[in-house]
Structures are given as structure tokens and as C-alpha cells.
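See structure below.
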Amino acid sequence: MRIIIGLALAGFATGVGAAVAPEDVDAGAARIKHTIEVLASDEYEGRQPGTAGEEKTVAYLQSQFKQLGLAPGNPDGTYVQKVPMVGIFSSPVTTFTTSGGKVLQPAVVNDYIALSHRTVPDVEIKDSGVIFCGYGVVAPEYQWDDFKGVDVRGKTIIVLVNDPPVRDPRDPTKLDPNVFKGKAMTYYGRWTYKYEEATEKGAAACLIVHETGPAGYPFAVLSGSMSRENFSLQNPDGNAKRVAVEGWLTLDYARKLCAAAGFDYDRLKAAAVRPDFHPVDFKTTASFSVKNRIRTLDSRNVIAALPGADPAKAGQYLVYSAHWDHLGRNPALKGDQIYHGAEDNASGIGGLIEIAHEFAALSGSDRPKRTILFFAPTGEEQGLLGAEYYAQNPLYPLTHTLADINMDVLQQIGPAKDVVGVGFGNSTLDDVASAVLAKTGRVLVPEPEPEAGRFYRSDHFEFAKVGVPSFYINEGLDIPGKPEGFGKEQFDGYYSHDYHKVTDVIKPWWDLRGAALDADFLFQMGVAIDQSDVWPEWKPGCEFKARRDAMMAAVAH
Ligand SMILES: [Zn+2]
């Protein structure tokens, strides 16, 4: 394989790698920076679906893909896939009444948030019994059931975020690796799962207790959603089957509510870690009145294609993805009201365009044999909606889709020696990645915080859910020339200060050479996948493997 842009760590004082010129890295970094400057500018208004910001973003992406000579990615001859959505502003009023007659009215944002995805203007729940359901998990493979047959139809259930942290009987200082994957978060820990299970059980409302550590982000990340329009996919039944009220309680308020009902939060939490936990009736009622302001809209996924050069393989697809959308603007804020989303995910789009640039530069026998898709979904911030819509309405057969490689926030602190593989160990894509990285003296490493559940938090997860092997990276943390701990400090700093805040803007100290290196690595990874006859697959034990094996068994390649 000929390295075209050939970005590698050589040329930097890193002592690793053995390839190419630093000026290529600089050029890649400059292109990525330019994309971020455009998309994170005031003019794009925070790229909220259904706004002028969407129009501009979609137009910009199309023009970039056209300029690179890429074909329309939708077989209908366009660069877009319409995604029918519903946008809702919810205003909730909530009252708890204990059996002792105490009445509590939590304050929106300070104490809790709640919204309804039902597409009706008024959602009323009167005097629904409040039941604490531990982690709200039903996991047959771990013989775990937090409901124990208790009928929660029409009830308000309160659940804890993340998986039950079950201690290892052989070493109680650690979590049991055989139950809920130990320290790593499984899908049972995700808030989306909690609401799905509440829906399944017929609950009227589901309130999750927020704790920053187990959730992976502070409460402020959630409270912003009360002053914003929230989206879901359009559904013929108006989401009537979905749990009517979806909300979160702050930890402080959860303690207060427990105490008012005569319970101790920490005791309940400790009990919930045991497999013999039984739901606890608070002998308290909850009433909700949610006013919804509703509109329907067609948002758009953007998709471009580089058709495969080998007619025998052009009907096989490799997808690169990065969401274009962000959180729009909040007129209630003083000062800057725009969620610029420079890192999240203008940087990922920068990477997507950079990878497209590298593929488009390939000529002759270097051209990929298979079709490469460049996919920028909408509505990621609203629950991976654009990617979910694609996964349910794929433009190309999923059985002919080799893999999805996703970007969501790229490296801004300079070239790193490592790349963090989110969901490390899930698939053979890790092995492809490691082999590619080794050529430049770099290395793929597992997540330092698998408990944050990041594998479930970006668009590749929608591909995984329907079986397609998918790969997602976080920024590497080992930065040559910087003191130990520097990378982790920067990473944590972003999540506590800027993530989903108006301060997610380009910083003067950014060094996007790391982003350029990572984009090049993902490009090289795609080249390696394209050149191989071996299809990427989930590894044994991975929760997505059965689905992929079943769909592939039905098709001959
Ligand atoms: Zn993102």
C-alpha cells in the first residue's frame, strides 16, 4: 500500500514511528481546523436539527463532498436521507405526596428534569404510586431481575443509573468481571435502557437518580435539555407506547424524597446491589402535568459515496460516520447563547472530511475496491436518532456493510502515542487498528473508564445494535513531551468544563496535529479493511455477535 498523505508520528520528537513528513500532518491539521472554524461559528447557530443551522451545515457538507468528487450517497441521487422527527418543548410540574401527607414539589432544573416524548400537548399522570426499583435491570444472562414480578404498570419508578456494581466474591475491592462486565458499563447501565425497560413494564413515569461518577457527566448536561427542544423519531402511534414521563432526579433531591417517604437513600442503594433486591414501595404518590409544544420536521442525514473500483466488490460498503448536529442555542443564557460544539462534533466532521480527502486522492490500483460511505447523521445529541433511522432504513444492505468507523470529538492536545479504543475487545476491528497503528509506532489501548459507557453514546452503537461491527475511538492520553497525567487531565477537563456547554469552542492552545494523525490512522484502517478478504466481526462473548452471525448466515459473500 502506498501512503498518500502518510501522516505518522515521525518527524516529531516522539521517538516513535518511521514514516512521513510533518508538513503533511500540519496540512491535515489545518484542514480540520478550517472545518471546525466554519461549523462552530456563530453563523451555524449550534447546528440544531430543524433550524437555519441545519440548512447551512447540510449545504456545507454537500459542497465539501462534491468538491472532493464524491458521488451522492443516497441511491436516489442526492447527498441526503430525510429523517422524520418530532421536536418537543416540555414544561413539567410534579408533586409527590407521602402517606404521611407530606407534599413535595421539586423545582425544575434545580431538583429534577422531566419530559414526555408523547406527541400530545398535555400529559397528565395523577397519583401514581412511587416504587424504587433498584437499577431497573432485567438481565437473564446474569440471573438478575430488579422487578421480581412486581407489577409497575401505571406506577412511577425510581431507578439508579449505571449497572449494579456487584463486588467480586474473590476480591471485594474489585467489581465481579463475570457480572455486568465488572467495571465496564453494559447497555443495562445506560439511561436509554432504563426508559426502554420502564416502557416494557408499562410504568407511567421513570425517574433516574443522577450521580456524576456513574452517569459519566454532571447534572448540568441534563438540565440544559429543559430549555431546549427535544427530538425523537416520528412514530405512527405518536410514541403512545413509550413511558409517558422520562426524567432525572438530582442526587440531593433523591435523598430528600427518600427521607420524606421514610427511607434512607444509601441503604436503598446498598440493597440494590444484591441480586435478591426487591422493589420498595414508597407509599407515596407522584403526579405529573407536562405541557408539550410540538412540531414535526424532516431533518437530514448527509451521505456521500466513493464507489468501489472493483465491480465484484463495489456492492460491499464500509461506513465512516460523524454526527453533524449539536445543541443549537439557548436564549435563556446570559452572554454566549450558542452551543458551538467545536469538539462535539465539528472536530469529528473535520476528521470525516479529512478521511474523504485522503480516499479521494487515491488513484489507479490504490483506489478502494469496495464502496466507501461518508455518513454524517443528524440528531445524535438527541439519542442517536439519525443513525437509528439509517439502521432501521439502511440505504445499502447491512449484510453487505463491513463495518462502521465513527468519530465524535477528536484529539486537540497534539500527537498522542496511543489511541483509546472505546469498547476495546468487542471486535476484530481492534486487531486491524493495532496492526495499522504499529506501523507508526502507535498503540490502541483500552478505555481508562469503561464504566462511563461511551460505547453506547455515539452513532456507531446504532450500527452495533443491528449487528454491524463498529469501531469508535477517544483521544489518546499519552502525549510525548508532556508530563504523565497531562492527557487524562485535559480529557477530564473537557468533560467537566466544556462538554455540552457554550464554552465548547476552539481554544488558542489547540494542537490539531493529533486529530490529523488519528484521521489518517482511521483512513489507513479503512484501506486495510478494503484490501482484506476477511470481514471484520464481533469477538466471542460480545453482545452483538449473535445478531451479526444470524444475518450473515443468510447471505453468501
Ligand atoms: Zn458528539
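Just so you know, ligand 1 is whichever comes first in the structure, and atom 1 is the first atom listed for that ligand. Keep in mind that the numbers below use all heavy atoms, side chains included, and drop hydrogens, waters and symmetry copies.
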Who are the side chain to side chain donor-acceptor pair (under 3.5 Å) partners of K465, not counting sequence neighbours?
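Here no residue qualifies.
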Using distance alone, with no hydrogens and no angle criterion, decide if E343 and Q412 have a side-chain donor and acceptor under 3.5 Å apart.
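Present: a donor and an acceptor within the cut-off.
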Pair E229 + R295: basic N to acidic O under 4.0 Å:
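Salt bridge flag = yes for R295 with E229.
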Regarding [X], does it place an N, O or S atom less than 2.8 Å from the Zn ion (ligand 1)?
X    : result
D408 : yes
H323 : yes
D344 : yes

Could you pull out all donor-acceptor pairs under 3.5 Å where a side-chain atom in residues 58-65 meets a protein atom, sequence neighbours excluded?
residue: S63; atom: OG; partner: Y60; partner atom: O; Å: 2.9

